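When a ligand or atom number is given, it counts from 1 through the structure's own listing order. No experiment lies behind these values; they were computed from the predicted model shown. Basis for what follows: all heavy atoms, side chains included, without hydrogens, waters or symmetry-related copies.
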Amino acid sequence: MLVLVVGGAGYIGSHMVKQLVCAGHSVVVLDNLSTGFRDQARYGELVEGDLADTALLEQLFNKYSFDGVMHFAAASLVGESMQDPSKYYRNNVVNTLNLLDVMVRHGVKNFIFSSTAATFGEPEYVPIDEAHPQQPINPYGASKLMVERILQDYHNAYGLNSVCLRYFNACGADPEGELGECHDPETHLIPLILQAASGRRESITVFGRDYPTNDGTCIRDYIHIEDLCSAHLLALRTLTDGVQQGALAFNLGNGQGYSVQQVIETVEAVVAEDGCSLTVKEGSRRAGDPAVLVADATLARETLNWQPCYADLKTIVEHAWAWEKRFLNF
Ligand SMILES: O=c1ccn([C@@H]2O[C@H](COP(=O)(O)OP(=O)(O)O[C@H]3O[C@H](CO)[C@H](O)[C@H](O)[C@H]3O)[C@@H](O)[C@H]2O)c(=O)[nH]1
């Protein structure tokens with residue numbers, strides 16, 4: 001297969017490109033390297049640019065006959081989306097429309113879209129399955145839900161087949177240590193704790209201990225990047241093989257929640273093996289954080305035959321720590 005991976009130099013996209021190449025597929029990466037890194041684009045052919053550039057998209061689709069497109073490029077900071085919704089609707093919705101319209105014009109029918117648990121908003125029940133109401137509470141979640149709805153209409157009108165994969169908490173790193181998480185700024189819990197352990201950051205702050213959970217800290221469903229990527233590959237295959245058609249959507253998580261406190265304790269245990277420790281500070285709640293977010297991913301397991309390999313948080317943290325350790329002089 002020849003696959004276009006948009007945002008293929010970012011955290012999730014770069015792992016996806018490696019997995020596609022290792023599975024014997026050819027990949028063209030489109031990335032403007034604003035959040036992606038040249039160093040992360042070590043597989044596939046890199047084209048620098050973004051989805052706002054429709055002339056570039058036309059050129060790419062004229063040059064290559066893609067079997068499918070995977071779209072990872074998005075702005076994804078909840079807080080920023082409240083301050084600057086225009087950026088989110090333009091980047092995540094308008095630019096995605098540019099891509100979809102080029103696909104339709106060139107008859108490319110298979111599309112895999114990075115969606116998010118944020119499309120559900122405040123959970124009415126957990127674990128969250130696909131039947132859960134989607135009522136996003138921030139522009140980031142709303143922008144992703146808009147694309148989910150657009151994809152349904154594009155299937156009905158233009159026969160575009162798509163799979164939306166709603167990530168819970170993506171984490172971990174390439175088990176071979178070649179790729180990992182490098183957001184700037186970093187906002188995600190596991191890399192922040194690891195940076196506190198490696199000395200790149202002074203401390204980690206717990207955002208609230210007064211949630212209605214066992215230890216008072218928020219619970220999340222941490223899903224290894226490799227498992228996320230394997231679901232994408234299965235999703236693409238189910239479309240290209242003609243097994244499934246339509247505008248599909250699946251929730252992706254392990255179905256097991258860990259509290260912030262449990263994550264900190266797991267990291268402490270892993271980094272202690274290298275003689276490292278960290279300073280934990282107490283903070284107040286972060287606006288917009290639900291107490292518990294856990295996925296019911298039964299549909300993905302049954303429909304795509306998806307079998308995540310890394311349900312154990314310690315292994316996830318070990319892979320992320322191996323990546324973080326390149327900043328230490330070990
Ligand atoms: O310094 C920190 C950072 C995070 N947390 C806590 O750790 C948990 C996880 O926070 P992350 O920021 O790592 O992840 P989120 O659950 O907020 O974010 C996830 O869900 C979001 C939508 O809800 C977006 O999709 C985002 O990209 C995805 O990682 C939350 O309870 C948060 O309050 C802290 O206590 N301290």
Undergrad: Quick one: nearest non-hydrogen protein atom to atom 36 (N) of ligand 1, plus distance?
TA: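 Nearest protein contact, heavy atoms only, for atom 36 (N) of ligand 1 is Thr205 O, 2.8 Å.
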Undergrad: Decide, yes or no, whether a salt bridge links Glu186 with Arg201 under the criterion of side-chain N to carboxylate O below 4.0 Å.
TA: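 Salt bridge: no.
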Undergrad: Can we say Lys314 and Glu318 salt-bridge, meaning some charged N sits less than 4.0 Å from an Asp/Glu carboxylate O?
TA: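 Judged by the 4.0 Å cut-off on N to carboxylate O distance, Lys314 and Glu318 do form a salt bridge.
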Undergrad: For ligand 1, indicate whether the residue Ile204 contacts it via side chain, backbone, both or neither (heavy-atom separation under 4.0 Å).
TA: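 For Ile204, the contact with ligand 1 is made by the side chain alone.
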Undergrad: I want to confirm something. Looking only at heavy atoms, which of Ile219, Asn169, Asp289 is nearest to atom 15 (P) of ligand 1?
TA: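 Shortest heavy-atom distance from atom 15 (P) of ligand 1: Asn169.
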Undergrad: Rounded to the nearest 0.5 Å, how far apart are CG of Asp153 and CD of Glu148?
TA: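 The distance works out to 12.5 Å.
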Undergrad: Number the atoms of ligand 1 from 1 as they appear, then name those within less than 4.0 Å of a heavy atom of Val206, with their elements.
TA: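 Contacts of ligand 1 toward Val206, numbered from 1: 35 (O).
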Undergrad: So, are Arg105 and Glu58 salt-bridged, with charged N and O less than 4.0 Å apart?
TA: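 Looking at Arg105 and Glu58, the cut-off is met.
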Undergrad: Would a search of protein heavy atoms around atom 20 (O) of ligand 1 find one under 4.0 Å away?
TA: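 So atom 20 (O) of ligand 1 lacks protein heavy-atom neighbours under 4.0 Å.
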Undergrad: Which is closest to atom 17 (O) of ligand 1 in terms of heavy atoms, Arg286, Arg220, His188?
TA: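 Of the listed residues, Arg286 has the closest heavy atom.
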Undergrad: One pair to check against ring-ring contact (aromatic ring centres under 6.0 Å, His included): His188 and Tyr11. What are the steps and the verdict?
TA: CA-CA 12 Å; His188 293 122; Tyr11 170 45; 7.6 Å; no
Undergrad: Would you give the length of the straight line joining atom NE2 of His319 to atom CG of Asp174, rounded to the nearest 0.5 angstrom?
TA: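 The distance works out to 9.0 Å.
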Undergrad: In the protein, what heavy atom is nearest to atom 6 (C) of ligand 1, and what distance, to one decimal place, separates them?
TA: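 So the nearest neighbour among protein heavy atoms is Val260 CG2, 3.8 Å.
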Undergrad: Which residue, His15, Lys18, Gln40, forms the side-chain hydrogen bond (donor to acceptor under 3.5 Å, both in side chains) with Glu178?
TA: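 In the set His15, Lys18, Gln40, the residue that makes a side-chain hydrogen bond (donor to acceptor under 3.5 Å, both in side chains) with Glu178 is Lys18.
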Undergrad: For atom 25 (O) of ligand 1, what is the nearest protein heavy atom, given as residue, atom name and distance?
TA: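 Nearest neighbour among protein heavy atoms for atom 25 (O) of ligand 1, to 0.1 Å: Thr116 OG1, 3.1 Å.
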Undergrad: Output the list of atoms in ligand 1 that are nearer than 4.0 Å to some heavy atom of Thr187, sorted by atom number.
TA: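 Heavy-atom distances to Thr187 below 4.0 Å select 3 (C), 12 (O).
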Undergrad: How far is atom 31 (O) of ligand 1 from the closest protein heavy atom, and which atom is that?
TA: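 In this structure, atom 31 (O) of ligand 1 has Cys218 CB, 3.0 Å as its nearest protein heavy atom.
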Undergrad: Does Leu189, backbone or side chain, put an N or O under 3.5 Å from an N or O of ligand 1?
TA: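 Yes.
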Undergrad: Can you tell me how far the OH atom of Tyr64 sits from the CD atom of Glu45, to the nearest 0.5 Å?
TA: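 Answer rounded to 0.5 Å: 3.0 Å.
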Undergrad: Does the Asn254 side chain pair with the main chain of Tyr222, one donor and one acceptor, at a distance under 3.5 Å?
TA: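 Confirmed, Asn254 side chain pairs with Tyr222 backbone.
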Undergrad: Tell me whether ligand 1 is touched by Ser76 - counting only heavy atoms on the residue side and a distance under 4.0 Å.
TA: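 The answer is yes: ligand 1 sits under 4.0 Å from a heavy atom of Ser76.
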Undergrad: Under 4.5 Å between side-chain heavy atoms, counting indirect links through other Ile/Leu/Val/Met/Phe/Trp/Tyr residues: same cluster for Val3 and Ile12 or not?
TA: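 Same hydrophobic cluster.
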Undergrad: Against heavy atoms of Leu192, which atoms of ligand 1 measure under 4.0 Å?
TA: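 Listed by number with element, the hits are 1 (O), 3 (C).
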Undergrad: Name the option, out of Phe207, Tyr140, Tyr222, that contains the heavy atom nearest to atom 8 (C) of ligand 1.
TA: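 Looking at heavy atoms only, Tyr222 sits closest to atom 8 (C) of ligand 1.
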Undergrad: Just to be sure I'm reading this right: ignoring hydrogens, which of Ser115, Pro191, Ala118 gets closest to atom 22 (C) of ligand 1? Compare them by their nearest heavy atoms.
TA: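 The option holding the nearest heavy atom is Ala118.
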